[in-house]
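Quick notes on the structure that follows.
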Amino acid sequence: MEIQSIGPPNEFLSIDGPASVRVIDGRLYVLGAEYGPGSSFTVMRGRRIIAKSLSECKIEAVLGPEGKIETVNGANEVIDIWDKALSTIRLRNSTVVVMGAMDVGKTTVTTILVNKGVKEGLKVGGVIDGDPGGQNDIGPPTTISASIATGFITHLTQLRNLRSIFVKTTSIEHVWDYVLNSMTKMVNELWRNYNVDAVVINTDGWISEENAIKFKLELARRTGANHAVVIKRGDESTDLIKELMKIAVNVITIPSPPPNARVRDRDDRKIRREMGYSKYLMPSRELNVNLREKPIVNLPLFNGLRYDNYITRLIRRSLNMAIHYIEQWRGGAAVAIGNVKEFQIRNIGGVNIAILPMNWERGGLLVALEDRDNYLLSLGVLRKIYYNTGKAVISVPKTFINEGLVDHIRLGMIRVNDNYEEVEKVLYINRIESLLSSQNILESSN
Ligand SMILES: Nc1ncnc2c1ncn2[C@@H]1O[C@H](COP(=O)(O)OP(=O)(O)O)[C@@H](O)[C@H]1O
Ligand SMILES: [Mg+2]
């Protein structure tokens, strides 16, 4: 245990987690919240939080292995600039969306806005975490989540997860239209069913491409955001800001923290995500799912038309390929498991046939078990499909109990190994989905 005195007012403390801090005397400003005598907060491992004394302070801290507390020169800190800019937002009845490139402080600003709402006495603050590749903030990786804040927090993880939606991957550029629909749906639901006073939306760091900007603009527009907070680092967000200025949203631009702030690299993110998957999925058990009753929505099997032997033989001959399984979808296209190395779509007599290799599901494709409103019940890992019985074996967390609510399965685009490490991005799922929507089988994700 470490006891430290800080002060006079306006002294800055840099706190690296893991750390647990209790205020003994005085008042401390932390992420939009104020902590007085007796109150405490925690900083997670691998995260850094800057605190500011509002008076002479005495604190006691318990530090974990990499935990560290030191006073820093406030001249470079953005706390006051952020606080001043964010204080211009009237949170009640507002929807605020936070945008910026990777690692500029979006999640931190979201946390500050949540705390400001709590401090203003807002009855309920809705929070949407829209970064499926983030550091496992509210829900597990590959999901976006909605929650409600009722007290001060230092990390979004401390919020209770109300609902999550599985978006198949952590790379938003492949699924942004589905993410857009899903975030809009959750924001509407927070307003309609949860009686919130404000909604704060955290986003991913994809902002530099044309589609990224289109996605962010649509997000602001469709969620009815009144304020967009853009964290600016260099001119990474110049184009985004320019476009946001053209729509009916109040744009607030703030600087990113100084570069000495810890910057996570891609590997670090990936490791955190993997920890996220295993944290969520382990210990696991195997669940048998009858795909005739609970179909895979983005690769339906066992609900279509089986060809008779004659037609099957014709298809075999014309593909010049051994076919292990084949069925025709309602819309006319077909799906087959055949002797191919890689996924392919072949056309025979005007019929598109999606052909998957034998054992395409092996190795562990990330999937979601969803309810009939497409909300996540549980993540899982697809292990095996039995074509003779139409059954699938899926690993799910041991604690998963809502089997009865499962309406369907959704395939993800990430393959994980036995240690829940990402080993492959399975991009052909998108091609199957396009084929399905062209057949009006899968509701178009646009
Ligand atoms: N004002 C700040 N000073 C120093 N470090 C900060 C500050 N704000 C955020 N950080 C650190 O910067 C990193 C990235 O912040 P985060 O909010 O997760 O960014 P993003 O959500 O944009 O990826 C985190 O490790 C965080 O602890
Ligand atoms: Mg983030």
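Every number for a ligand or one of its atoms is a count from 1 in the order of the listing.
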Item to check | Cationic tip of Arg410 above Phe166 ring, under 6.0 Å, 45° of axis | outcome: no

Item to check | Ionic contact status for Glu433 with Lys168, cut-off 4.0 Å | outcome: yes

Checklist outcome for this item: Per-atom filter on ligand 1: closer than 4.0 angstrom to a heavy atom of Arg48 are 26 (C), 27 (O)

Checklist entry - Is it true that Tyr420 and Tyr277 have ring centroids separated by less than 6.0 Å? => result no

Next on the checklist: Under 2.8 Å from the Mg ion (ligand 2) - does any N, O or S atom of Asn202 fall there?
Outcome noted: no

Checklist outcome for this item: Within the 4.0 Å heavy-atom cut-off, what Thr107 brings close to ligand 1 is both

Item to check | Presence of salt bridge, Arg233 and Asp103, under 4.0 angstrom | outcome: no

Checklist outcome for this item: Taking only non-hydrogen atoms of Pro257 and a 4.0 Å limit, the atoms of ligand 1 in range are 1 (N), 2 (C), 3 (N), 7 (C), 8 (N)

Next on the checklist: Taking distance alone, with N or O pairs closer than 3.5 Å, would you say Trp82 contacts ligand 1?
Outcome noted: no

Checklist entry - Which bit of Asn202 is near ligand 1, meaning a heavy atom under 4.0 Å away: side chain, backbone, both or neither? => result neither

Next on the checklist: I want to confirm something. Looking only at heavy atoms, which of Val78, Asp137, Ile50 is nearest to atom 3 (N) of ligand 1?
Outcome noted: Ile50

Checklist outcome for this item: Check: of Lys106, Met44, Arg47, min heavy-atom distance to atom 18 (O) of ligand 1 comes from Arg47

Checklist entry - So is Gly105 in contact with ligand 1, going by heavy-atom distances below 4.0 Å? => result yes

Checklist entry - Taking distance alone, with no angle check, do Val104 and ligand 1 share an N/O pair under 3.5 Å? => result yes

Next on the checklist: Please determine whether the number of non-hydrogen atoms from other residues, nucleotides or ligands lying under 6.0 Å from atom NZ of Lys214 exceeds 12.
Outcome noted: no

Checklist entry - Does the ring center of Phe41 lie less than 6.0 Å from the ring center of Phe152? => result no

Checklist entry - Quick one: do Lys119 and Glu34 make a salt bridge, cutoff under 4.0 Å? => result yes

